[in-house]
Amino acid sequence: MTTVEPRPDLRPPGLNADEKTTLLTFLDYLRESVLAKAAGVPEPAVRTAGVPSGTSLLRLLKHLTAVELNWFVWAYDGADRELRDDEGDVRAEDTASDLAYAYREAIARANEVVRACTDLDRPGARSLRETPPPSMRWVLVHMIEETARHAGHADILREQIDGSVGR
């Protein structure tokens with residue numbers, strides 16, 4: 001069972017704002033959904049794969065941390081840093097609190113890059129694909145899609161662990 005009370009089902013944000021604020025608000029909503037699904041899950045359930053592919057709540061946190069840093073910081077911002085391995089396995093020493101903290105730090109860094117962008121059409125410094133660098137709009141929409149897909153995975157994994165449902 002969980003060690004914290006499950007949060008209530010939260011609906012998507014309601015707002016009427018400019019495009020960048022709207023996109024970032026929805027992305028933040030999805031990020032928090034993933035973090036909430038991993039919160040309070042005891043060992044070893046939080047690291048146990050719920051499907052044959054090896055996906056666990058901790059692996060989702062680790063993957064999303066890498067893609068946040070790779071797309072926003074390395075690709076769009078052009079930071080001089082190593083690419084993160086977004087397919088890396090969870091190590092024995094990785095803890096839920098450490099990986100959640102790392103994800104929150106990656107989110108904060110990514111949001112700095114987004115907030116500094118004054119033109120959503122401007123291409124980034126480089127691409128993670130064999131294409132020209134995408135615009136910030138594309139990166140935001142891609143990360144909404146990526147995070148939403150994995151939030152759905154986290155929903156299923158959490159329900160398998162302790163029956164918790166909701167966003």
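Quantities reported herein were computed from a predicted structural model and do not represent experimental measurements.
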Only one of H63, R31, R59 passes side chain to side chain contact (heavy atoms under 4.5 Å, CB included) with H150, and that residue is H63
Using side-chain heavy atoms (C-beta onward) and a distance below 4.5 Å, is V114 in contact with Y76? no
Full working for side-chain contact (heavy atoms from CB on, under 4.5 Å) between D28 and I107: CA-CA 8 Å; D28 282 340; I107 290 167; 4.1 Å; yes
Interatomic spacing from CG in N111 to CZ in F72 - rounded to 0.5 Å: 7.5 Å
Should the pair E32-R104 be classified as a salt bridge under the 4.0 Å nitrogen-to-oxygen rule? yes
Are side-chain heavy atoms of M136 and V113 found at a separation under 4.5 Å? yes
So, taking the atom named OG1 in T25 and the one named CG in L30, what distance separates them when rounded to the nearest 0.5 Å? 11.0 Å
In terms of side-chain geometry, is the basic nitrogen of R109 or E112 positioned less than 4.0 Å from the acidic oxygen of its partner? yes
Atom CG in D98, atom CG in L58: separation rounded to 0.5 Å? 10.0 Å
Check G124 against P133 and note the closest heavy-atom contact, atom names and distance. O-CB, 3.1 Å
Taking all non-hydrogen atoms of both residues, which atom of D77 and which atom of V73 are closest, and how far apart? CB-O, 3.2 Å
Nearest-0.5 Å distance that lies between atom CG in L140 and atom CD in E19: 8.5 Å
Nearest atoms (heavy-atom pairs only) where V90 meets S56: CG2-OG, 4.5 Å
Minimal heavy-atom distance between D121 and S135, with the atoms involved, is O-CB, 3.6 Å
Is it true that a side-chain atom of R126 and a backbone atom of W74 form a donor plus acceptor pair closer than 3.5 Å? yes
Decide if atom CD of E93 counts as having more than 12 heavy atoms of other residues, nucleotides or ligands within a radius under 6.0 Å. yes
Taking C-beta and beyond as the side chain, do L23 and K20 meet within less than 4.5 Å on heavy atoms? no
Stepwise side-chain contact (heavy atoms from CB on, under 4.5 Å) test for L157 and Q160: CA-CA 5 Å; L157 292 171; Q160 288 176 335; 3.7 Å; yes
Test applied, salt bridge (Lys or Arg N to Asp or Glu O under 4.0 Å); reference residue, K62; option that passes from D89, D94, D85: D94
Write down the atom of Y103, the atom of L64, and the distance for their closest heavy-atom approach. CE1-CB, 3.6 Å
Determine, stepwise, if the pair R47 / R91 fulfils side-chain contact (heavy atoms from CB on, under 4.5 Å). CA-CA 10 Å; R47 71 179 58 247; R91 301 170 309 187; over 6 Å; no
Pairs in or reaching into residues 118-140: which pass ring-ring contact (aromatic ring centres under 6.0 Å, His included), with residues at least two apart or in two chains? W71-W138, W138-H142
Do T147 and V34 come close enough that some side-chain heavy atom pair is under 4.5 Å? yes
Kindly compute the distance separating CD (E105) from CG (L69), expressed to the nearest 0.5 Å. 10.0 Å
Grab the two heavy atoms, one from R158 and one from A39, that are nearest each other, plus how far apart they are. NH1-O, 3.0 Å
Are L83 and V67 connected in the hydrophobic side-chain network, where two residues link if heavy atoms are under 4.5 Å apart? yes
Salt-bridged, E68 to R84, with N to O below 4.0 Å? no
Does some side-chain heavy atom of L57 sit less than 4.5 Å from a side-chain heavy atom of I161? yes
Please say whether more than 12 non-hydrogen atoms of neighbouring residues, nucleotides or ligands are located less than 6.0 Å from CD in E82. no
Determine whether T95 and V46 make a side-chain contact, defined as any pair of heavy atoms from C-beta on separated by less than 4.5 Å. no
